[in-house]
Amino acid sequence: MKVRQAVVMVGGMGTRLRPLTENKPKPMLSVADKPCIWYLMRSLARAGIEEVILACGYKPGMMESLGDGSDLGIRIVYSYEDEPLGTAGAIKNVESRLDEVFVAANGDVFADIDVRKEIETHFQNNATVTIALTPVENPCEFGIARVDGDGRILEFKEKPKPEEVFSNLINAGVYVVDRSVMSRVPDNSFYDFSKDLLNVLMKEDKRIQSYPLNGMWMDVGRPHDLLEANLAVAEREYGLKRFDSAVECCTRDQFYLGPGASIANSSTKKTVISEGSCVKDSNLDRVLILKGCKVDGAKIVNSILGDGCVVKKGAEIRDAVLADGTVVGEGEKIQGDRIV
């Protein structure tokens, strides 16, 4: 059975990613010169999804820069909430236009996964909700699930304490949903999908099915995660690409150079240089440089530069996240706000 529709929740404020989210919502932060959410949208398009409803909250106007979705062969529809409604409440807000079965996803994760197989799993198991699960080292920051031999979810707990952890499988925030469950969600109220709705459905003994996630997934909740997502895409999608304009420098490990960007007489290790940025005479180690930056004669380690930053000769930056438009003067040293 075909599923043609998805709802993507993009209402979060991304507070843990400040100062990078002061000027743009978290799903619009750049991963190899594409908005973070673009990779999820591509996954949905590859699964045959035709229409994606974006449930917008924080800085909704910036979300509209994604356009109409024609570049991915989908149709994007924008929905707005006057006040935060939570993940289930945001879906309830568009219930009247939903098909009988649809995909729902958290737009603040970086995901490039096989949604088509998750849809197949949903129908094969006659499930009410199917949830993509993925293993992590520290499950305490997520919702964890216990599954039986058939993949049915038997228990679910949101953000457990260390002594409460019974699984390292966490909710990856990509669901296949029967529209009938939305009748449990109150109108015009803040209601969470994983904390509230799933618990109600499990008490009703509805079939909540798991899908072992295949593909790339990260919770881009902190600057460190955003850097890791950029490095992962650099390796996976650009690892074999030769960046001709980088011939004047020595690049090691993951590397990406965006359109109109340049680098000369420099050395890099695990570095992403975004569109329109210029780097020369510098040493970069595990660095994400966002759009339109200028770096001249600097040493930068384990750091992120927001859009339009300027770093002058002799400057050193370590373990830092610079807000958009930051100017680092000659010889200035910055260390702090660790992102490891």
Side-chain angles (χ1 to χ4, degrees), residues 1 3 5-9 11-12 53 55 57 81 83-109 111 115 117-136 138-213 217 219:
M1 184 174 177
V3 175
Q5 201 174 45
V7 182
V8 180
M9 293 82 80
I53 301 170
E81 51 190 49
E83 56 186 43
L85 295 172
T87 47
I91 300 173
K92 183 72 172 181
N93 199 37
V94 297
E95 180 183 11
S96 62
R97 65 177 303 149
L98 294 178
D99 294 343
E100 290 185 10
V101 179
F102 60 93
V103 173
N106 294 334
D108 59 356
V109 298
V115 178
K117 288 187 176 178
E118 183 176 2
I119 293 170
E120 291 173 359
T121 298
H122 181 80
F123 288 113
Q124 287 168 359
N125 291 276
N126 195 27
T128 301
V129 176
T130 298
I131 305 173
L133 302 181
T134 191
V136 297
N138 180 16
C140 293
E141 298 181 2
F142 306 95
I144 61 173
R146 187 199 307 277
V147 302
D148 66 13
D150 294 324
R152 181 171 184 167
I153 296 178
L154 303 176
E155 186 178 359
F156 190 83
K157 187 169 184 62
E158 189 71 23
K159 295 185 178 178
K161 298 175 182 177
E163 63 272 17
E164 296 173 329
V165 172
F166 52 75
S167 170
N168 71 334
L169 292 175
I170 65 111
N171 178 1
V174 182
Y175 313 94
V176 184
V177 184
D178 285 8
R179 188 185 62 193
S180 60
V181 306
M182 300 312 298
S183 64
R184 282 73 161 178
V185 180
D187 291 321
N188 303 315
S189 298
F190 188 95
Y191 206 77
D192 189 83
F193 198 100
S194 56
K195 291 179 184 176
D196 301 317
L197 182 56
L198 287 182
N199 285 328
V200 169
L201 296 175
M202 294 190 76
K203 289 176 182 177
E204 295 177 357
D205 201 31
K206 299 296 184 181
R207 177 90 186 197
I208 311 297
Q209 185 68 25
S210 66
Y211 166 71
L213 186 147
W217 180 93
D219 173 42

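One is the number of the first residue; the rest follow in order along the sequence.
- Looking at heavy atoms from C-beta onward, Val177 lies in side-chain contact with Phe193 at the 4.5 angstrom threshold.
- A donor-acceptor pair under 3.5 Å links the side-chain atoms of Gln5 to the main chain of Asp99, judged by distance alone.
- Across Arg179 and Leu98, no two heavy atoms sit closer than the pair NH1-O, 2.6 Å.
- Judged purely by atom type and a 3.5 angstrom limit, Trp217 has no side-chain atom pairing as donor or acceptor with the backbone of Thr134.
- Glu95 places no side-chain N or O within donor-acceptor distance of the main-chain N or O of Asp187, the cut-off being under 3.5 Å.
- Paired with Leu133 under the rule side-chain contact (heavy atoms from CB on, under 4.5 Å), one option of Asn168, Leu213, Val147, Ile144 passes, and it is Val147.
- In plain terms, the two heavy atoms of Val185 and Lys92 that are nearest each other are O-CE, 3.0 Å.
- At least one donor-acceptor pair under 3.5 Å links the side chain of Asp148 to the backbone N or O of Asp150.
- Between the side chain of Ser189 and the backbone N or O of Tyr191 there is no donor-acceptor pair closer than 3.5 Å.
- Counted within 6.0 Å of CG on Asn126, heavy atoms from surrounding residues, nucleotides or ligands total 12 or fewer; the atom is thus considered open.
- In this structure the side chain of Tyr211 never reaches within 4.5 angstrom of the side chain of Val176, judged on heavy atoms.
- Using a distance-only test at 3.5 Å, with no hydrogens or angles considered, no donor-acceptor pair links the side chain of Ser210 to the main chain of Ile153.
- No salt bridge links Arg184 with Asp178; every basic N to acidic carboxylate O contact stays at or beyond 4.0 Å.
- For the pair Met202 and Phe156, the tightest heavy-atom approach, listed with the atom from each and the gap, is SD-CB, 3.9 Å.
- In this structure, Ser167 contributes its side chain and Ala145 its backbone to a donor-acceptor pair below 3.5 Å.
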